[in-house]
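Comments concern the structure below.
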Amino acid sequence: MIVLNDILYRVSIEAVNGNPAVAITDLHFDSRKIALNDVFVAIRGVQVDGHEYIKKAVDQGAIAIVCEILPEHMVNGVTYVKVKNSQQALAIMAANYYDNPSEKLKLIGVTGTNGKTTVTSLLYQLFKKAGYQTGLISTVKVCVGEKIIPATHTTPNPLALQSHLAHMVDAGVDYCFMEVSSHGIHQKRIEGLVFEGGVFTNLTHDHLDYHKTFVEYRDVKKSFFDNLSKRAFALINGDDKNGSIMLQNSNARKLSYALKSYADYRVNILESSFQGMLLRLNDNEIWTKLLGQFNASNLLAVYAVAIELGLEKEEVLRMISALESVDGRFEYVVSENKVNAIIDFAHTPDALKNVLETINGIRTHNESLITVIGCGGDRDQEKRSKMGHIASQMSDQVIFTSDNPRSEDPDKIINQMESGVSAENYKRTLVIIDRKQAIKTAIKMAQPNDIILVAGKGHESYQEIKGEKFPFNDMEVILELFKKLS
């Protein structure tokens with residue numbers, strides 16, 4: 001039997017009306033899921049205020065309400081708990097409800113604008129190869145041992161998050177690697193979690209539709225490291241000027257990794273081709289199938305985490321050489337007539353620049369680079385012109401197309417991207433709104449040895465238009481068109 005008092009442990013409570021020792025069945029923040037003897041937590045969301053649904057939750061059988069503002073009319077037999085912050089309360093209550101699973105495994109959080117999915121996914125691969133039961137919570141998927149669950153958010157809501165971790169504990173998982181998004185931090189989804197370590201990859205322009213200013217975005221990321229315990233480690237990318245800011249108020253053990261500056265963990269790229277890279281990690285040379293300076297940095301972070309968690313250096317180096325690229329992250333495929341295609345999730349100016357720099361650093365320049373790219377709707381509009389500029393400046397030909405326009409007009413999104421194209425580069429651009437048609441046009445334009453970059457959607461299996469999701473996967477479309485047009 002679960003008692004309300006038990007799941008309120010460590011919650012900042014301002015007032016209680018009713019019996020806090022009442023037995024409860026389940027915990028929800030969605031009033032539609034409430035059944036007899038459940039607890040309803042009223043959350044102030046971006047679009048909906050859960051306080052408006054308190055009466056509905058009580059009518060459906062809720063035995064307890066947790067909220068920031070007590071309703072004027074309180075029903076006898078229902079316990080009302082007033083808290084300072086409902087989002088924070090929900091996360092702590094969820095942790096208590098599932099018996100604090102993060103305390104029973106080693107949880108590593110990875111945050112930053114770019115690289116979160118790659119670092120967490122590679123760590124998941126590596127620790128599985130090392131023989132450990134391993135969990136993953138990422139943008140792409142949630143893995144509980146061998147079980148795979150499709151992801152809906154980079155950082156799930158607190159109930160889903162704690163449920164995943166509880167299932168991991170039940171499955172005997174030793175280590176879990178988790179993406180920690182700025183939204184997840186700001187919305188208190190990670191409250192109540194105990195982290196063994198935190199990793200900072202980088203910070204660039206993104207999510208300013210939500211955070212409003214870059215400083216706010218940075219400081220939200222920083223708060224993750226502020227809250228790490230003394231027994232945890234904080235590993236930051238020393239090549240990013242924001243790395244040292246992350247550590248300013250952290251009590252965790254401070255570590256750094258870098259390509260270009262002094263750090264505890266260093267990497268140099270010795271050779272690079274479309275087949276892979278030869279790297280020197282500290283004093284050891286290894287070959288990897290992954291490409292790009294950004295992936296050299298990601299692999300170094302993976303190496304550092306593995307060493308800090310106690311794995312043997314020689315074993316880690318051997319396993320890093322065998323790691324496979326992550327779905328939708330610089331995935332590389334070649335057609336029968338030798339046209340090269342690369343699919344990448346790059347959806348920020350910095351990520352796009354990194355991918356194009358990598359391609360331009362490897363290619364001979366006797367071939368053409370054709371980039372197919374769009375920007376997501378209902379998201380940060382400031383980055384659109386920057387991405388248009390980068391794509392047109394660093395490619396021989398650019399096709400602007402739809403990404404996930406969501407509720408926005410694709411023409412408007414593309415116009416904003418085109419506004420960043422300088423006059424001398426304008427002749428390099430085409431506009432084809434239909435994404436499949438844009439990819440098809442790029443393939444038809446391409447000659448043997450030319451390179452096509454399809455950027456922005458990566459692993460995604462859908463395209464969202466006017467609130468509806470249609471099946472669409474860049475890699476599947478490319479493979480289908482390569483077959484038809486060969």
Side-chain angles (χ1 to χ4, degrees), residues 272-277 289-292 294-295 325 327-347 351-375 387-404 410 413-414 417-418 420-422 424-461 463 471-486:
S272 186
S273 72
F274 281 121
Q275 282 66 52
M277 296 183 290
K289 302 172 190 175
L290 277 65
L291 299 174
F294 57 95
N295 270 328
S325 63
D327 289 348
R329 270 67 178 175
F330 216 100
E331 280 192 283
Y332 179 67
V333 62
V334 185
S335 72
E336 285 186 14
N337 62 337
K338 306 299 182 188
V339 172
N340 305 279
I342 295 164
I343 294 87
D344 195 88
F345 188 54
H347 63 288
L352 180 63
K353 183 170 179 280
N354 286 340
V355 170
L356 287 168
E357 279 182 345
T358 295
I359 295 170
N360 283 319
I362 295 172
R363 60 185 283 222
T364 65
H365 292 270
N366 293 319
E367 69 290 279
S368 291
L369 169 57
I370 306 166
T371 297
V372 180
I373 188 167
C375 284
M387 293 183 70
H389 173 76
I390 291 165
S392 61
Q393 186 75 20
M394 301 180 71
S395 311
D396 299 302
Q397 181 74 54
V398 178
I399 302 176
F400 292 125
T401 189
S402 285
D403 188 293
N404 293 316
I413 297 171
I414 291 171
M417 295 184 74
E418 286 186 297
V421 179
S422 58
E424 66 269 23
N425 292 331
Y426 202 77
K427 62 183 180 296
R428 302 182 184 186
T429 66
L430 284 174
V431 172
I432 302 175
I433 291 176
D434 182 278
R435 192 174 181 88
K436 185 171 183 177
Q437 193 62 42
I439 295 170
K440 184 176 181 179
T441 301
I443 292 172
K444 283 185 171 181
M445 290 169 62
Q447 300 298 310
N449 300 316
D450 283 355
I451 303 159
I452 299 167
L453 169 64
V454 181
K457 287 176 57 59
H459 65 282
E460 291 178 348
S461 59
Q463 194 171 23
F472 197 101
N473 179 275
D474 284 344
M475 177 61 87
E476 289 176 4
V477 168
I478 285 170
L479 292 174
E480 174 197 332
L481 291 170
F482 271 177
K483 192 173 181 181
K484 281 184 181 177
L485 300 173
S486 62

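Hydrogens, waters and symmetry mates are skipped; everything else that's a heavy atom, side chains included, is used. Remember, it's a predicted structure, so these values are computed and weren't measured experimentally.
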Practice item. Drop me the distance from Leu453's CG to Ile359's CD1, to the nearest 0.5 angstrom. Key: 4.5 Å
Review point. Would Glu418 and Tyr426 satisfy side-chain contact (heavy atoms from CB on, under 4.5 Å), going step by step from the backbone distance to the final call?
Key: CA-CA 8 Å; Glu418 286 186 297; Tyr426 202 77; 3.3 Å; yes
Review point. Under 3.5 Å, is there a donor-acceptor pair between the side chain of His365 and the main chain of Asn360?
Key: yes
**Study point:** Expected output: side-chain Asn425 to main-chain Ser422 donor-acceptor under 3.5 Å
**Key:** no
Check your understanding: So Val334 and Phe482, side-chain contact (heavy atoms from CB on, under 4.5 Å) or not? Walk me through it.
Key -> CA-CA 9 Å; Val334 185; Phe482 271 177; over 6 Å; no
**Study point:** Side chain to side chain, Glu331 and His459, heavy atoms closer than 4.5 Å
**Key:** no
Review point. Does the distance from a Lys or Arg side-chain N to an Asp or Glu carboxylate O, for Lys436 and Glu480, drop under 4.0 Å?
Key: yes
Point to revise | Verdict with supporting geometry, Val339 and Ile443, side-chain contact (heavy atoms from CB on, under 4.5 Å) | key: CA-CA 8 Å; Val339 172; Ile443 292 172; 5.6 Å; no
Exercise for review: Using the side-chain contact (heavy atoms from CB on, under 4.5 Å) rule, take Leu430 and Met445 through it: C-alpha gap first, then chi angles, then the decisive distance, then the call.
Suggested key: CA-CA 12 Å; Leu430 284 174; Met445 290 169 62; 4.2 Å; yes
Exercise for review: Measure the CZ-CE distance between Phe400 and Met387 for me, rounded to the nearest 0.5 Å.
Suggested key: 9.5 Å
**Study point:** Between CG on residue Leu290 and OG on residue Ser272, distance to nearest 0.5 Å
**Key:** 11.0 Å
Study note, to complete from the structure: Nearest heavy-atom approach of Thr358 to Leu291 is CG2-C, 4.3 Å
Review point. Does the His389 side chain pair with the main chain of Gly420, one donor and one acceptor, at a distance under 3.5 Å?
Key: yes
Study note, to complete from the structure: In this structure, CD of Gln447 is separated from CD1 of Ile370 (nearest 0.5 Å) by 8.5 Å
**Study point:** For Ile390, the option from Leu356, Val398, Thr371 that meets side chain to side chain contact (heavy atoms under 4.5 Å, CB included)
**Key:** Leu356
**Study point:** Check: Asp344 side chain, Val355 main-chain N or O, donor-acceptor pair, under 3.5 Å
**Key:** no
Point to revise | Any donor-acceptor N/O pair, Asn473 side chain to Ser461 backbone, under 3.5 Å | key: no
**Study point:** Side-chain touch Glu460/Phe472, heavy atoms, less than 4.5 angstrom
**Key:** no
Check your understanding: In terms of the angle between their ring planes, are Tyr332 and Phe274 parallel, tilted or perpendicular, with boundaries placed at 30° and 60°?
Key -> parallel
**Study point:** Neighbour count >12 (heavy atoms, 6.0 Å) for atom NZ, Lys427
**Key:** yes
Point to revise | Heavy-atom donor-acceptor pair, Thr401 side chain to Ile433 backbone, under 3.5 Å | key: yes
Exercise for review: Identify the two heavy atoms, one from Ile452 and one from Ala446, that lie closest to each other, and give their separation to 0.1 Å.
Suggested key: CD1-CB, 4.0 Å
Exercise for review: Provide the closest heavy-atom pair for Ser392 versus Arg428 in the form atom of the first, atom of the second, distance.
Suggested key: O-NH1, 3.1 Å
Check your understanding: How long is the gap from NE2 on His347 to CD1 on Ile373, to the nearest 0.5 Å?
Key -> 11.0 Å
Review point. Given Asp474, which of Gln463, Arg435, Lys457 fulfils the side-chain hydrogen bond (donor to acceptor under 3.5 Å, both in side chains) condition?
Key: Arg435
Practice item. Please determine if Lys440 and Asp434 form a salt bridge, counting it only when a charged side-chain N lies under 4.0 Å from a carboxylate O. Key: no
Review point. Between Glu367 and Asn340, do the side chains contain an N or O donor and an N or O acceptor separated by less than 3.5 Å?
Key: no
Practice item. Hey, could you give me the CG/CG distance between Asn366 and Asp450, rounded to the nearest 0.5 Å? Key: 10.5 Å
